[in-house]
Amino acid sequence: MKMSELYHEKKLEIGTHRFEAADIVHFASRFDPQPFHMDAEAAKDTLFGGLCASGWHTCAMWMRSFVDYWTVETERLKAEGIVPPQLGPSPGFRDLAWFRPVFAGDSVTYFVTLTASRELASRPGRILNTIVCEGANQDGLPVVRFESTVLEFA
């Protein structure tokens, strides 16, 4: 069954992640070593006023949430006798926005919405799905949003 037949325009909650100080520092030390991601004391004197997660960390946790969600969803569909869509890699994303910082102790709930699907004329049997990827903090305020594409093999 195609993704568009199952999920078109449905905003799905795919998971929640709590950003702990130690995890923020660990991620930043490897990928984004700026003071406001590395040192709670130094972060007090920055624009953010406290230790906050790298925007890339918030995106990475969206991806982790999606993979975990899709693994469970695939098994659910199979148990219902539905052949799950075969998803492949993403050829890219656009319009990434980080709306507000994610501080140590914040929980971000992630969402995905399928907004468009089209068969690739150049590659029969492949579908290009467009998805909106979002995250909101524990107060329901948006923290991250981007549009992505993901291949589907029909």
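Values below: all heavy atoms of this structure, side chains included; hydrogens, waters and symmetry mates excluded.
No side-chain heavy atom of K10 sits less than 4.5 Å from a side-chain heavy atom of L114. Taking the side chain as every heavy atom from C-beta outward, L151 and L128 approach each other to under 4.5 Å. The side-chain heavy atoms of T109 and E13, taken from C-beta on, include a pair separated by under 4.5 Å. Inter-residue side-chain proximity for V108 and F19 is flagged as met; some heavy-atom pair is nearer than 4.5 Å. The shortest side-chain heavy-atom distance between V25 and D39 does not fall under the 4.5 Å cut-off. In this structure the side chain of K2 never reaches within 4.5 angstrom of the side chain of N129, judged on heavy atoms. Looking at H26 and I24, their side chains never come closer than 4.5 Å, going by heavy atoms from C-beta outward. When side chains are defined from C-beta on, S54 counts as touching F27, because their heavy atoms get closer than 4.5 Å.
At distances below 3.5 Å, at least one donor-acceptor pair connects side-chain atoms of N137 with backbone N or O atoms of D139. Between the side chain of T149 and the backbone N or O of S90, no donor-acceptor pair lies under 3.5 Å. Side-chain atoms of R18 come within 3.5 Å of backbone N or O of G105 as a donor-acceptor pair. Side chain of H37 to backbone of C52: a donor-acceptor contact under 3.5 angstrom is found. Looking only at distances, a side-chain donor or acceptor of Y110 sits under 3.5 Å from a matching main-chain atom of T58. Of the possible polar contacts, one joining the E152 side chain to the M3 backbone as a donor-acceptor pair under 3.5 Å is found. One N or O on the side chain of T115 and one on the backbone of T130 form a donor-acceptor pair closer than 3.5 Å.
In the hydrophobic clustering of this structure, M61 groups with M63; members are Ile, Leu, Val, Met, Phe, Trp, Tyr whose side-chain heavy atoms approach within less than 4.5 Å, directly or through other members. I14 is connected to Y7 through a chain of hydrophobic side-chain contacts under 4.5 Å among Ile, Leu, Val, Met, Phe, Trp and Tyr, so both are in one cluster. Both F31 and V102 belong to a single network of hydrophobic side chains, linked directly or stepwise wherever heavy atoms of I, L, V, M, F, W or Y lie under 4.5 Å apart. Note: the hydrophobic cluster containing F48 does not contain V144 (ILVMFWY, side chain heavy atoms under 4.5 Å, direct or indirect links). F66 and L6 fall within the same hydrophobic cluster, defined by Ile, Leu, Val, Met, Phe, Trp and Tyr side-chain heavy atoms under 4.5 Å apart, directly or through other members.
A distance of 11.5 Å separates CG in D95 from SG in C133, rounded to the nearest 0.5 Å. Taken from NE2 in H17 to CG in D23, the straight-line distance is 5.5 Å, to the nearest 0.5 Å. For the atom pair CG (L51) and CD (E41), the distance works out to 11.0 Å, reported to the nearest 0.5 Å. Annotation: the span from L12 atom CG to E134 atom CD amounts to 11.0 Å, rounded to 0.5 Å. Taken to the nearest 0.5 Å, the CG atom of L47 stands 8.0 Å off from the CZ atom of F36.
Looking at every heavy atom in both residues, D106 comes nearest to P101 through OD2-O, 4.0 Å. Of all non-hydrogen atoms in S148 and G92, the two that sit nearest each other are OG-O, 3.3 Å. Of all the heavy atoms in G88 and V150, the pair that sits closest is O-CG2, 3.4 Å.
Judged by distance alone, the side chains of T74 and W70 do bring a donor and an acceptor atom under 3.5 Å apart.
Residue-environment remark: CZ (R100) exceeds the threshold of 12 foreign heavy atoms within 6.0 Å. The neighbour count for R76 CZ, taken as heavy atoms of other residues, nucleotides or ligands under 6.0 Å away, is above 12.
Of the candidates F146, W56, W62, W56 is the only one forming a ring-ring contact (aromatic ring centres under 6.0 Å, His included) with W98.
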Give the C-alpha distance, both sets of side-chain angles, the deciding distance and a yes or no for side chain to side chain contact (heavy atoms under 4.5 Å, CB included) between F93 and E147.
-> CA-CA 6 Å; F93 70 93; E147 187 176 290; over 6 Å; no
